[in-house]
Each structure stands twice: as structure tokens, then as C-alpha cells.
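Accompanying notes for the structure given below.
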Amino acid sequence: YENPLPPVPDRGEAPDYAFVFDIDGVLVHGSNPLPRAKETLEYLHDNHIPYMLLTNGGGYSEAAQVQQLNQRLRMRAFISEQQFVQSHTPFKEHASSPHLRTVLVLGGVKENVKEVAKGYGFRNVVIPADFLKSFQGVSPFTDKSHYSQFGTKLPKNLPKVDAVLVFNDPRDWALDIQVVVDVLLSEGGQVGTRRRVEDVIRDGHLPVYFSNPDLWWANEYQHARLGQRAFRAALEGVWRSITGGQELKATTIGKPHQPTYEFAEDTLTRWRARKLKQLGAFMDHPELKRVYMVGDNPASDIAGANSYKSPRGTDWVSVLVRTGVFREGDSDGGAKAVVDNVEEAVRWAIEEER
Ligand code: G3P
Ligand code: MG
């Protein structure tokens, strides 16, 4: 290979910088690894430069996502769950909240998003496929033969939902929007009940949490694909029509939002300490000072890194690659560098460190 990455500047102690990589559009296109992604991560591993992955993707458990990535990238140094944060990972911290005893969770049914939520510790989890299984005609145009194989019948005493959590992009928007609207129009989340719209407008609706604000994301198709933000826009549009113009009240985490970057920096700091301790040689490793955030989406990866206020005072440096959502001529979101691919992103950062 004619242009290998350069030797890392040797300061006789652990590097005080690290990398955060976005996944879709930086390391992979769908199930296809991007050129030089494997070699670039192996270079960091071989040079004891810590890194983590931060994706707005989701729908599977962290363990399943990491296993899938290791299979796709076929690296000799496996990626660990401890260096991986996906869109809904921060939801885990709220699973035991008394305000979230029963949650309606949206996301992939084949990937069994219900098990992912239960794995986080949510006690009672229902999914739209359960409603399809339980009620005749609840979503008139949904393919029952496909979806009802994933659902489980709701209990006789129907659940009282406390919140709606969107873990990943819904697969059947008609079914999911219908079930979410039914729950938001219900009496306090009691499945099967219905309020008058004027009461809904006066009293409001259950909390709704989205895990990812991406309008677009990059996979193997030649143009970017609609993301979770598009589903939110569809639900907001339906809600506006039902309520005569009332805005849906919802909270969204995920890149570019501050809480997701704080969660990621906590994860990176723990991971780095563990790795450098394993190395032994760097027992008194220096504090983390700089984080190079490599992403393909100016609106999420780059905007998030540029606006992030680190409680530790670390400086996040945004590096935009041309292998994903960003296209020449688009705004680069104020990226500190715009490079061809993930290997060039690391090359640029290593030169910055020289
Ligand atoms: O659902 C995946 C998409 O929103 C973007 O994923 O890895 O580019 O943050 P990623
Ligand atoms: Mg991306």
C-alpha cells in the first residue's frame, strides 16, 4: 500500500488525545466496510491510541451491534462493547425510573427491540406489533402475516403506558404512528381509552423520546436515506392535523445533542483509562486533552463536536469525511478539516499532533 499512516509522535508517555468515530458513512456503508476502515482502526490499536464508536444507529443490543461490526470489519483487534455508544444507549440510565414503568418502544421488530429495552432494565415493554396481535383492525393496512409473528398478545388488563421511546427507525410507519397516536390520545396512557381532542389540547400528552435527530443518513445506496427525524416529522404532521395545529412535545437525544456527547465522553474516558492501565507502561497517563471526532454528517457529527461543552475541558476537533452524507458544495458544518475518508482523517489528526 503506497501511502501507509505515519509513525505516531512518540512523547514517551500515553497520548493525551483520542478518536471518536461515527459508523454509517465513515466505517461502513450498510453491511459493506468502507475502504481502509479496518487498517485505520488497527493502526490506532497497534499504536495504543484509544478510540470509541458513536453512532446514531441502533435497534440492536450493544453486544449484537459490536459483534456485527467485528464480523463486517474483520479486524484482528476486536471492538469492545465498552468503546461503543449507539443512539439509545443513554436510555439505559432511565430504565429503572418510577415514571417509566411501562414503555411503548418503537424500532426494528426482527431485531427484537423489545428485548433490547428489557435488557436495559425496562420492566414492562410493549411494541406496536403487540397491538396488532391483540386487536382486530387496529392498523387496517399493515401486513398482519409479517408483523403479528413478532407481537405478543397484550394482557387482559390492558397496560397503562408511561412514555413512548423511539429506539430506532420504525419499519411500518402506518402501524407505529397509529399506535403512538392511540396512546397519546388515551386517558393517561391507558390502552383502549380515548380522550376528546379539546381535553388533549388542554391537558397535553405522554412524554415522547426520540433517540436520533438524523433527517438523512448514508448507506450503500448512492443517495442519503431518510432517518429517524423523518419519522418524527411524519408523526408531528399527523399530530398537528389531529389537534388543529398543536405541536407534538418530544425530547430527542443522539448526535449533535450535548447529553449524547457527555455520555460518549464518559464512555471514552473509562475505556481509555482501562486500555492504558492494561498497557501498564503508561500508569501515570496524562489527562485526555483532545478528541478527534470523525463523521460524515455535518448536521450531527460535526455540529455536535463543534458545539459540545466538555465538563472535563477536553477540546473536540471535528473532522468531516467525504464518504457519507456530506457532498462537495454542501455546508461542511464548520468542520476543522474535510478529508476523503477515515484513513485521511486519522492522518490529518496525527499530523496535527506532530
Ligand atoms: O440510523 C443510522 C443513522 O441515523 C446514522 O448513523 O452511524 O451515521 O450516526 P451514524
Ligand atoms: Mg454517519
Side-chain angles (χ1 to χ4, degrees), residues 1-23 26-28 33-55 62-63 65-86 89 261-295 301 305 308 310-319 321 336-337 339 341-354:
Y1 181 63
E2 77 284 354
N3 191 11
L5 285 161
V8 168
D10 180 0
R11 299 187 189 124
E13 59 175 6
D16 59 353
Y17 58 95
F19 286 83
V20 175
F21 295 101
D22 168 45
I23 298 179
V26 174
L27 300 174
V28 299
L34 281 165
R36 309 297 299 163
K38 163 186 156 67
E39 292 78 5
T40 303
L41 296 184
E42 286 177 342
Y43 165 89
L44 294 175
H45 174 268
D46 296 346
N47 286 282
H48 310 310
I49 300 176
Y51 70 87
M52 72 169 283
L53 305 179
L54 174 61
T55 176
E62 281 72 18
Q65 288 274 48
V66 163
Q67 187 189 22
Q68 197 174 64
L69 207 51
N70 282 323
Q71 280 163 354
R72 285 174 178 169
L73 290 171
R74 311 189 65 72
M75 287 193 335
R76 62 183 137 78
F78 273 1
I79 293 164
S80 154
E81 250 183 88
Q82 275 70 43
Q83 65 188 124
F84 177 86
V85 170
Q86 60 183 334
T89 308
Y261 278 77
E262 282 176 10
F263 190 94
E265 190 173 76
D266 287 351
T267 303
L268 176 60
T269 305
R270 278 197 303 277
W271 170 252
R272 175 174 179 265
R274 178 175 158 180
K275 288 310 284 178
L276 296 177
K277 204 158 153 239
Q278 271 170 1
L279 288 171
F282 301 127
M283 281 315 278
D284 57 344
H285 56 267
E287 283 306 298
L288 182 65
K289 296 268 185 336
R290 279 170 311 296
V291 174
Y292 291 95
M293 168 88 210
V294 182
D301 310 307
Y308 176 52
S310 164
R312 292 180 182 79
T314 52
D315 175 25
W316 283 56
V317 181
S318 57
V319 186
V321 294
K336 299 293 181 295
V339 295
N341 58 41
V342 63
E343 181 174 50
E344 294 317 308
V346 169
R347 191 190 311 279
W348 179 84
I350 296 298
E351 291 311 320
E352 285 292 290
E353 289 296 327
R354 210 163 285 293

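Keep in mind that this is a model prediction, so the values were computed, not measured.
- For the atom pair CD of Glu81 and CD1 of Ile79, the computed distance is 12.0 Å after rounding to the nearest 0.5 Å.
- Annotation: salt bridge (Lys or Arg N to Asp or Glu O under 4.0 Å) contacts of Glu42 (sequence neighbours excluded): Lys38, Arg76.
- In this structure, Asp22 contributes its side chain and Val294 its backbone to no donor-acceptor pair below 3.5 Å.
- Annotation for Val321 and Ala345: closest pair CG1-CB, 4.3 Å, computed over non-hydrogen atoms.
- With rounding to the nearest 0.5 angstrom, the NZ atom of Lys336 is 12.5 Å from the CE atom of Met293.
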ask   = Between Met52 and Val85, is a side-chain contact (heavy atoms from CB on, under 4.5 Å) present by the stated rule, with each step listed?
value = CA-CA 8 Å; Met52 72 169 283; Val85 170; 3.6 Å; yes
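- Remark: Arg312 engages Glu265, Asp266 in a salt bridge (Lys or Arg N to Asp or Glu O under 4.0 Å) (not counting sequence neighbours).
- Closest of all the heavy-atom pairs between Leu5 and Thr40 is CD1-CA, 4.3 Å.
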task = List the steps, then state whether side-chain contact (heavy atoms from CB on, under 4.5 Å) holds for Tyr308 with Val291.
result = CA-CA 11 Å; Tyr308 176 52; Val291 174; over 6 Å; no
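- A donor-acceptor pair shorter than 3.5 Å can be found between the side chains of Trp316 and Thr314.
- Considering only residues two or more places apart in sequence or on other chains, Trp348 meets the ring pair (Phe, Tyr, Trp, His ring centres under 6.0 Å) condition with none of them.
- Applying the ring pair (Phe, Tyr, Trp, His ring centres under 6.0 Å) test to Tyr292 and every residue at least two apart in sequence or in another chain returns Phe19.
- Between Tyr17 and Asp315, every side-chain heavy-atom pair lies at or beyond the 4.5 Å cut-off.
- Although no hydrogens or angles enter the test, the distance criterion places a donor-acceptor pair under 3.5 Å between the side chain of Asn341 and the main chain of Glu343.
- Put simply, the side chain of Arg347 gets close to the backbone of Pro4: a donor and an acceptor are under 3.5 Å apart.
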task = Determine, step by step, whether Tyr43 and Val8 satisfy the side-chain contact (heavy atoms from CB on, under 4.5 Å) criterion, reporting the C-alpha distance in whole Å, the side-chain angles of both residues, the deciding distance to 0.1 Å, and the verdict.
result = CA-CA 10 Å; Tyr43 165 89; Val8 168; 3.2 Å; yes
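- Residues Glu287 and Lys289 form a side-chain contact, since some pair of their non-hydrogen atoms from C-beta on lies under 4.5 Å apart.
- Not a single side chain to side chain contact (heavy atoms under 4.5 Å, CB included) links Pro35 to another residue, sequence neighbours left out.
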message = Could you go through Val20 and Leu268, starting from their C-alpha distance and side-chain angles, then the distance that decides it, and tell me whether this counts as side-chain contact (heavy atoms from CB on, under 4.5 Å)?
response = CA-CA 8 Å; Val20 175; Leu268 176 60; 4.0 Å; yes
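- The side-chain hydrogen bond (donor to acceptor under 3.5 Å, both in side chains) search around Ser318 returns Asn306, not counting sequence neighbours.
- Residues Arg272 and Leu276 form a side-chain contact, since some pair of their non-hydrogen atoms from C-beta on lies under 4.5 Å apart.
- Residues Ala37 and Leu73 come closest through the heavy atom pair CB-CD2, 4.1 Å.
- Take Gln82 and apply the side-chain hydrogen bond (donor to acceptor under 3.5 Å, both in side chains) test, not counting sequence neighbours, and it matches Ser80, Arg274.
- Between atom OH of residue Tyr261 and atom CG of residue Leu54 there is a gap of 6.0 Å, rounded to the nearest 0.5 Å.
- In this structure Tyr51 satisfies the ring pair (Phe, Tyr, Trp, His ring centres under 6.0 Å) test together with Phe21, sequence neighbours excluded.
- Minimum interatomic distance between Pro286 and Asp16 (heavy atoms only, all atoms of both residues): CG-CB, 4.1 Å.
- Thr89 pairs by the side-chain hydrogen bond (donor to acceptor under 3.5 Å, both in side chains) definition with Glu62, not counting sequence neighbours.
- Rounded to the nearest 0.5 angstrom, Asn70 CG and Gln65 CD are separated by 11.5 Å.
- Among residues two or more places apart in sequence or in another chain, the side chain to side chain contact (heavy atoms under 4.5 Å, CB included) test is passed with Leu34 by His29, Thr323.
- With sequence neighbours excluded, the residues forming a salt bridge (Lys or Arg N to Asp or Glu O under 4.0 Å) with Glu353 are Arg11, Arg290, listed by chain and number.
- Inter-residue side-chain proximity for Gln83 and Leu53 is flagged as unmet; no heavy-atom pair is nearer than 4.5 Å.
- At least one side-chain heavy atom of Pro15 sits less than 4.5 Å from a side-chain heavy atom of Pro50.
- Annotation: the span from Leu27 atom CG to Leu69 atom CG amounts to 6.5 Å, rounded to 0.5 Å.
- A distance of 11.5 Å separates NE2 of His45 from CZ of Phe78, quoted to the nearest 0.5 Å.
- With sequence neighbours excluded, no residue forms a salt bridge (Lys or Arg N to Asp or Glu O under 4.0 Å) with Arg74.
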